[in-house]
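Please read the structure below before turning to the comments.
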Amino acid sequence: MKTIRNNEKLMAEIGRIAEVAGYLWTKGWAERNGGNISVNLTDLMNDVEKALPALGPAIPLQEAMTALAGHIFYVTGTGKRMRYVAQEPLANGSLIRIAGDGKSYDIIAEQLILPTSELPSHLMMHNYLRGLGRDNRVVLHTHPTDLIGMTHCKPFLDSDVITRTLWSMIPECRIIVPKGVGIVPYEIPGTLDLARATIKQLEKHDVVFWEKHGILAVGEDLIECFDAIDTLSKSAQIYFSARMAGYEPAGMTDKQLDDLVPAFGL
């Protein structure tokens, strides 16, 4: 719509969504319609844009999202491929506005495209984090092959074990993912049970592994969320490269990891 496309800051953020969607596809983390993105765009929109008419009837939510009342999100569409989001983000996603009571949402631009089936999970995470006063704008979920592979190994289903292993492969991992990673045992994708289990892990972490499914990152900036997952993936690749070469990687020592804390203000 003309009003939206004339908003340079808004379109720049949508361009960043397209950029990250392209990275996810190029890396092989977004098979078919795998993965999804939601970004809070409220602060980038003026009053006229926030009041755009709904393109269809209000859609009820399973739970009230009171901390998100009136907020507007870009959400990738259900069944939409990341490779197409990268090309045409507004033709493969939608802008939704949460009602004033938090109990429903309207699709306001650009086409009547239903959001990802995991929208309730995304909104529950946004609602929870905003309710805590955390300025969380992004939920990014994707399917990195190497990181999912690690969750098929029982010892790595312990948050401390997988965090220590990934941190120890490369200093940047300890720096870029300072809170480590949470683990959610397998749940059916798209369910509120999965969302609730993830929220529990978000009390301590910004990145959460879903056993045999994928990974999720939350934060203020979409590129930073992508970078956190990308760095974890690099650590996993180093680990698997060593194992395929026939040896167990030594990893950084506890002292080497601890020395990074004051050096980088972690």
Side-chain angles (χ1 to χ4, degrees), residues 12-13 16-17 19-24 26-27 29 35 37-40 43 125-126 128-151 153 155-184 198-210 214-243 245 247-266:
E13 185 66 12
R16 283 156 62 86
I17 293 169
E19 177 185 352
V20 169
Y23 296 155
L24 301 180
T26 301
K27 284 184 166 290
W29 298 354
I37 300 171
S38 62
V39 180
N40 192 326
D43 292 343
M125 295 173 212
H126 284 289
Y128 168 75
L129 294 169
R130 189 158 291 275
L132 292 179
R134 287 166 63 176
D135 188 21
N136 185 80
R137 296 180 57 249
V138 177
V139 174
L140 170 61
H141 165 56
T142 190
H143 300 165
T145 307
D146 39 25
L147 296 175
I148 295 171
M150 294 187 78
T151 72
C153 179
F156 289 137
L157 297 180
D158 182 307
S159 175
D160 292 338
V161 172
I162 196 168
T163 293
R164 177 66 176 76
T165 300
L166 292 170
W167 273 357
S168 73
M169 293 297 104
I170 187 171
E172 283 77 5
C173 193
R174 177 70 176 88
I175 297 164
I176 294 171
V177 192
K179 296 181 180 180
V181 299
I183 297 286
V184 171
T198 304
I199 285 170
K200 187 173 182 180
Q201 293 300 316
L202 292 177
E203 294 174 3
K204 297 181 179 179
H205 309 285
D206 292 328
V207 182
V208 179
F209 283 61
W210 290 344
I215 192 167
L216 177 139
V218 303
E220 299 176 21
D221 181 87
L222 180 58
I223 297 291
E224 293 295 332
C225 288
F226 168 79
D227 286 343
I229 297 173
D230 194 30
T231 304
L232 289 165
S233 177
K234 172 56 71 72
S235 287
Q237 291 173 51
I238 294 169
Y239 175 81
F240 284 126
S241 293
R243 292 299 305 269
Y247 64 92
E248 181 72 27
M252 298 171 65
T253 66
D254 288 342
K255 183 179 186 307
Q256 289 170 333
L257 287 171
D258 291 342
D259 287 345
L260 295 171
V261 175
F264 290 90
L266 304 177

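Put simply, SG on Cys153 and CG on Asp158 are 11.5 Å apart, with the number rounded to the nearest 0.5 Å. In this structure, Phe226 CZ and Thr231 OG1 are separated by 9.0 Å, a value rounded to the nearest 0.5 Å. If you take OG1 on Thr198 and CD1 on Ile183, they are separated by 11.0 Å, rounding to the nearest 0.5 Å. The distance from atom CG of Leu157 to atom CE of Met150, rounded to the nearest 0.5 Å, is 10.5 Å. Between the CG atom in Asp206 and the CD atom in Glu224 there is a gap of 11.0 Å [rounded to 0.5 Å]. Between the CE atom of Met125 and the CG atom of Leu129 there is a distance of 9.0 Å, given to the nearest 0.5 Å.
Paired with Val208 under the rule side chain to side chain contact (heavy atoms under 4.5 Å, CB included), one option of Leu202, Val181, Ile199 passes, and it is Leu202.
Taking both residues in full, the closest heavy atoms of Asp146 and Phe240 are given as O-CE1, 3.4 Å, listed atom of the first, atom of the second, then distance. Closest of all the heavy-atom pairs between Phe209 and Thr151 is CD2-CG2, 3.6 Å. Heavy-atom minimum distance, Met169 versus Gly251: CE-CA, 3.9 Å. Nearest heavy atoms, Val138 versus Cys225: CG1-SG, 3.9 Å. In terms of heavy-atom proximity, Ile229 sits nearest to Leu147 at O-CD1, 4.0 Å. In plain terms, the two heavy atoms of His205 and Arg134 that are nearest each other are O-NH2, 4.3 Å.
One finds no salt bridge joining Arg16 and Glu19 here, because no Lys/Arg side-chain nitrogen approaches an Asp/Glu carboxylate oxygen to under 4.0 Å. Using a 4.0 Å cut-off between charged nitrogen and carboxylate oxygen, Asp43 and Arg137 do not count as a salt-bridge pair.
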Checking side chain to side chain contact (heavy atoms under 4.5 Å, CB included) for the pair Leu24/Leu140: CA distance, chi angles, key distance, verdict? CA-CA 10 Å; Leu24 301 180; Leu140 170 61; 3.8 Å; yes
Decide yes or no on side chain to side chain contact (heavy atoms under 4.5 Å, CB included) for Leu166 and Arg174, but give the supporting numbers first. CA-CA 8 Å; Leu166 292 170; Arg174 177 70 176 88; over 6 Å; no
Residue pair Val20, Ile223: steps toward the side chain to side chain contact (heavy atoms under 4.5 Å, CB included) verdict: CA-CA 7 Å; Val20 169; Ile223 297 291; 3.6 Å; yes
Verdict with supporting geometry, Asp230 and Trp29, side chain to side chain contact (heavy atoms under 4.5 Å, CB included): CA-CA 10 Å; Asp230 194 30; Trp29 298 354; 3.9 Å; yes
For residues 256-266, run the donor-acceptor check on the side chains, cut-off 3.5 Å, and write out each pair with its distance to 0.1 Å, sequence neighbours left out.
from   : atom 1 : to     : atom 2 : distance (Å)
Gln256 : OE1    : Thr253 : N      : 2.8
Gln256 : OE1    : Thr253 : OG1    : 3.4
Asp259 : OD2    : Lys255 : NZ     : 2.8

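A donor atom on one side chain and an acceptor atom on the other are not found under 3.5 Å apart for Ser241 and Gln237.
Listed by chain and residue number, nothing satisfies the salt bridge (Lys or Arg N to Asp or Glu O under 4.0 Å) test with Lys204 (two or more places apart in sequence, or in another chain).
Within a 6.0 Å radius of NZ in Lys200, other residues, nucleotides and ligands contribute 12 heavy atoms or fewer.
The main-chain N or O of Glu220 is never found under 3.5 Å from a side-chain atom of Asn136 such that the two would form a donor-acceptor pair. Here the side chain of His141 pairs no donor or acceptor atom with the backbone of Ala217 at under 3.5 angstrom.
Using a 4.5 Å heavy-atom threshold, the side chains of Thr142 and Lys27 count as separate. A 4.5 Å side-chain heavy-atom check between His143 and Trp210 finds every atom pair outside the cut-off.
Taking the six-membered ring where the residue is Trp, Phe156 and Tyr239 present perpendicular rings, their angle passing 60° and hence far from 30°.
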